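Heavy-atom basis, side chains included; hydrogens, waters and symmetry copies ignored. Just so it is clear: chains get the letters A, B, ... in the order the sequence lines come, proteins before strands, and each one is counted from 1. Note that the structure is predicted; figures quoted are calculated from it, not measured.
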2 protein chains.
Amino acid sequence: MADKDPGWELYRSFLAVMREGSLSGAARSLGMTQPSLGRHIRELEETLGVSLFARSPQGLSPTELAQALLPHAQAMASASAALRRAAAIREDTMSGVVRIAASEVIGVEVLPPMLAAFRQRHPGVVLELSLSSRMENLLRRDADIAIRTGRPTQDALVARRMGEITLGMYAHKRYLKSHGLPKTLADLATHALIGFDHETPYVRAMRPAGLPYTRENFALRTDNDLAALASLRAGYGIGFCQCGIAQRDPALVRLLADSIELSMDTWLVMHEDLRRNALMRELYDHLAIALVDYAETASPSEAPRGRTRMLRGSTKR
Amino acid sequence: MADKDPGWELYRSFLAVMREGSLSGAARSLGMTQPSLGRHIRELEETLGVSLFARSPQGLSPTELAQALLPHAQAMASASAALRRAAAIREDTMSGVVRIAASEVIGVEVLPPMLAAFRQRHPGVVLELSLSSRMENLLRRDADIAIRTGRPTQDALVARRMGEITLGMYAHKRYLKSHGLPKTLADLATHALIGFDHETPYVRAMRPAGLPYTRENFALRTDNDLAALASLRAGYGIGFCQCGIAQRDPALVRLLADSIELSMDTWLVMHEDLRRNALMRELYDHLAIALVDYAETASPSEAPRGRTRMLRGSTKR
DNA sequence: TGTCAGCCATGCATATTTGTATAGCAGATC
DNA sequence: GATCTGCTATACAAATATGCATGGCTGACA
């Protein structure tokens with residue numbers, strides 16, 4: 001019933017306990033001791049007037065309410081981390097830490113050379129890569145700069161369009177040699193397709209209609225895009241791949257280019273209040289140039305004319 | 001250079017000093033003492049390795065960097081407040097605190113009866129109204145439920161469309177009696193127009209083109225929508241008003257209804273993770289019903305047919 | 001110019017928080 | 001079933017942060 005603001009430290013302790021699952025673990029993680037953490041949690045429960053954990057000799061198990069409070073505590077942690085990054089940036093020497101969010105494929109296959117070039121120019125900079133299949137929460141400040149697919153509509157964001165990154169169906173020469181070349185869409189059903197495991201909203205938006213490209217037809221199911229790409233390269237079967245990536249490997253063959261093509265509307269995004277920051281701006285511009293270039297490489301300019309596009313993936317909704 | 005995480009309490013102290021402008025003021029505001037605050041700030045500066053304030057006998061004046069860090073600290077505060085609200089909600093007794101963000105006009109003219117009805121049904125609930133002309137930051141959790149204009153495109157939000165709230169030009173009978181009735185668009189230029197002071201992006205998007213409705217023509221300039229509305233009611237001159245509000249006052253006369261009409265695409269929004277919350281859901285549904293009803297009232301159904309719409313205000317960009 | 005009201009900085013006694021050490025409890029292992 | 005390992009809870013001493021009192025500074029005002 002006490003209406004006082006709980007010390008913000010308590011939130012950090014709460015977060016650690018949620019993460020580690022026990023007071024002892026949280027204490028280790030924070031460099032504190034278990035009794036301190038225990039007192040923190042108890043104090044937090046008392047000031048909020050709620051029960052957050054069920055104590056047991058196996059650790060603390062969070063209540064339903066604690067689960068509901070978790071995202072808020074995480075938001076605080078994100079903001080705290082963002083503040084520290086912002087404080088660490090030295091514009092005069094162009095050094096500091098910048099956190100970039102992108103998809104795993106982009107982060108692994110596309111970004112590294114761009115980042116290397118930037119780092120070459122600015123040796124004082126430290127980059128953090130936050131790769132995840134689902135969109136990173138730029139609004140929550142989990143990252144400073146993000147590569148998103150789909151036009152961002154949030155205010156307070158500065159966004160620039162990188163162009164359309166196109167996806168096509170590919171297979172390794174080796175696979176095609178032993179399994180033959182699919183000539184029609186219907187042929188695909190008899191091939192070893194590589195595809196998703198769970199049908200996320202993202203997949204649903206991107207998936208071309210009218211194709212035999214459904215979960216039941218897959219010969220390899222995974223939600224890990226990198227594993228899918230690696231399997232494609234290993235000759236496991238047929239799957240989607242960003243054209244810009246596939247083109248770098250002469251052993252990968254584009255299939256049914258006339259009838260199958262997806263494209264992702266790709267944007268580079270950062271917070272408006274980072275715009276005045278010289279280091280940020282430089283990195284932003286650098287990435288913008290490089291990514292636009294990449295998107296153009298991956299565009300269907302070199303492909304045969306008159307192709308029908310099956311679906312323009314616009315990510316969401 | 002110390003790479004340790006500053007205690008989160010320090011951020012709170014930082015925020016208070018930024019807000020109050022002095023250690024002493026911050027100490028008063030937090031119920032602490034000035035030396036403590038002083039130590040906090042010093043420790044924060046040391047762990048971050050930066051200078052945040054210039055000390056002076058008149059108080060502390062923030063450095064440029066401190067200004068840059070401010071939004072992050074505010075984000076932490078917002079998240080902290082949201083966490084406390086979430087913790088305060090008791091679903092069994094349907095009590096708790098819910099924070100609603102809306103425009104000033106909606107908050108003053110439209111919401112109160114809706115909120116009163118809800119409160120009647122759930123006496124345990126406490127509502128917070130956060131009214132501002134610019135959009136409240138729902139993403140930063142400054143509010144739990146928001147009424148926004150323009151389709152929200154952020155993921156992790158549950159949004160429902162309330163319809164189009166239409167705006168028309170109105171004047172008080174008294175004004176028209178002494179100044180006459182404008183019959184054409186051009187007539188407006190000779191009248192006492194009530195309009196904005198600064199041309200914000202919002203205004204820019206909403207402003208009908210081809211009208212003599214520009215800053216130079218205004219006889220009363222204000223960015224305060226409520227003051228504009230009050231002046232309209234007081235018979236100062238001609239201005240825009242939500243039709244749903246104007247209709248309640250028989251002394252307000254719609255002008256040039258055939259040729260002037262704006263509409264705001266209005267949405268009710270809340271966070272996805274509040275969806276499971278019974279109290280939240282109930283309030284959300286209650287507001288949805290009431291607002292849809294209001295938007296319909298304010299819609300041009302009762303107006304003459306064949307009117308041309310000048311602009312469909314879509315808020316941003 | 002003297003006085004007052006605001007502010008920050010510092011020294012010191014006190015309160016609070018932390019860590020250490022220990023006890024107790026549940027489950028896995030031999 | 002004895003033992004070992006993980007966990008939490010409690011008592012007490014050490015470390016730390018806090019408040020109080022004070023001094024020094026600047027600007028406003030009579």
Side-chain angles (χ1 to χ4, degrees), chain A residues 2-63 65-67 70 73 76 80, chain B residues 2-67 69-70 73 76 80:
Chain A
D3 213 18
K4 199 78 186 80
D5 194 20
W8 286 12
E9 304 283 3
L10 303 187
Y11 294 132
R12 186 171 54 172
S13 300
F14 167 72
L15 199 54
V17 173
M18 287 295 283
R19 181 164 23 91
E20 305 290 337
S22 75
L23 296 179
S24 312
R28 278 190 296 274
S29 135
L30 292 180
M32 303 212 271
T33 59
Q34 168 260 321
S36 284
L37 267 293
R39 287 183 282 251
H40 279 185
I41 297 302
R42 183 154 43 81
E43 187 185 341
L44 185 59
E45 287 180 315
E46 279 168 6
T47 43
L48 293 180
V50 299
S51 164
L52 293 173
F53 296 97
R55 271 78 167 173
S56 86
Q58 288 82 295
L60 302 203
S61 65
T63 63
L65 179 60
Q67 297 283 7
L70 180 59
M76 291 186 74
S80 159
Chain B
D3 213 17
K4 199 78 186 80
D5 192 22
W8 285 12
E9 303 285 2
L10 303 187
Y11 294 131
R12 187 170 53 170
S13 299
F14 167 72
L15 199 54
V17 173
M18 288 294 283
R19 181 164 24 91
E20 305 290 337
S22 75
L23 295 180
S24 312
R28 277 191 295 274
S29 135
L30 292 180
M32 302 212 273
T33 60
Q34 167 259 320
S36 284
L37 267 293
R39 287 184 280 252
H40 279 185
I41 296 302
R42 181 155 45 81
E43 187 185 340
L44 184 60
E45 286 180 315
E46 279 167 5
T47 42
L48 293 180
V50 300
S51 163
L52 293 174
F53 296 96
R55 270 77 169 174
S56 85
Q58 288 81 292
L60 302 203
S61 65
T63 64
E64 208 167 301
L65 179 61
Q67 297 284 7
L69 301 188
L70 179 58
M76 291 187 73
S80 159

Could you list, one pair per line, each protein nitrogen or oxygen that sits under 3.5 Å from a nitrogen or oxygen of nucleotides 16-20 of chain D, together with the distance?
| unit_1 | atom_1 | unit_2 | atom_2 | d |
| --- | --- | --- | --- | --- |
| D:dT18 | OP1 | B:H40 | NE2 | 3.3 |
| D:dT18 | OP2 | B:H40 | NE2 | 3.2 |
| D:dG19 | OP2 | B:T33 | N | 3.2 |
| D:dG19 | OP2 | B:T33 | OG1 | 2.8 |
| D:dG19 | OP2 | B:S36 | OG | 2.9 |
| D:dG19 | N7 | B:R39 | NH2 | 3.1 |

In this structure, how many angstroms lie between the C1' atom of D:dG6 and the CZ atom of A:R55, rounded?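 Answer to the nearest Å: 17 Å.
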
Could you tell me how far apart A:E45 (CD) and D:dT8 (P) are, to the nearest whole angstrom?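 Taking atom P of D:dT8 as the reference, CD of A:E45 is at 13 Å.
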
Return yes if some donor-acceptor pair links the side-chain N/O of [X] with the main-chain N/O of [Y] below 3.5 Å, else return no.
X: A:T63; Y: A:F53; result: no
X: A:S22; Y: A:L60; result: no
X: A:T47; Y: A:E43; result: yes
X: B:Q34; Y: B:A27; result: no

In Å, rounded to the nearest 0.5 Å, how long is the span from CG of B:L30 to NE2 of B:H40?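 Interatomic distance, B:L30 CG to B:H40 NE2, rounded to 0.5 Å: 9.5 Å.
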
Beyond-backbone contact of A:L44 with A:S13, side-chain heavy atoms, under 4.5 angstrom: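 Side-chain contact under 4.5 Å: no.
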
Should A:E9 and A:R12 be marked as a salt bridge (Lys or Arg N to Asp or Glu O under 4.0 Å) after you check the CA-CA gap, both sets of side-chain angles, and the distance that decides it? CA-CA 5 Å; A:E9 304 283 3; A:R12 186 171 54 172; 2.6 Å; yes

Using nucleotides 4-7 of chain C, report all nitrogen or oxygen pairs with the protein that are shorter than 3.5 Å.
| unit_1 | atom_1 | unit_2 | atom_2 | d |
| --- | --- | --- | --- | --- |
| C:dC7 | OP1 | B:R28 | NH2 | 3.3 |
| C:dC7 | O4' | B:P57 | O | 3.1 |

May I have the step-by-step check of side-chain contact (heavy atoms from CB on, under 4.5 Å) for B:Y11 and B:L69, ending in yes or no? CA-CA 10 Å; B:Y11 294 131; B:L69 301 188; over 6 Å; no

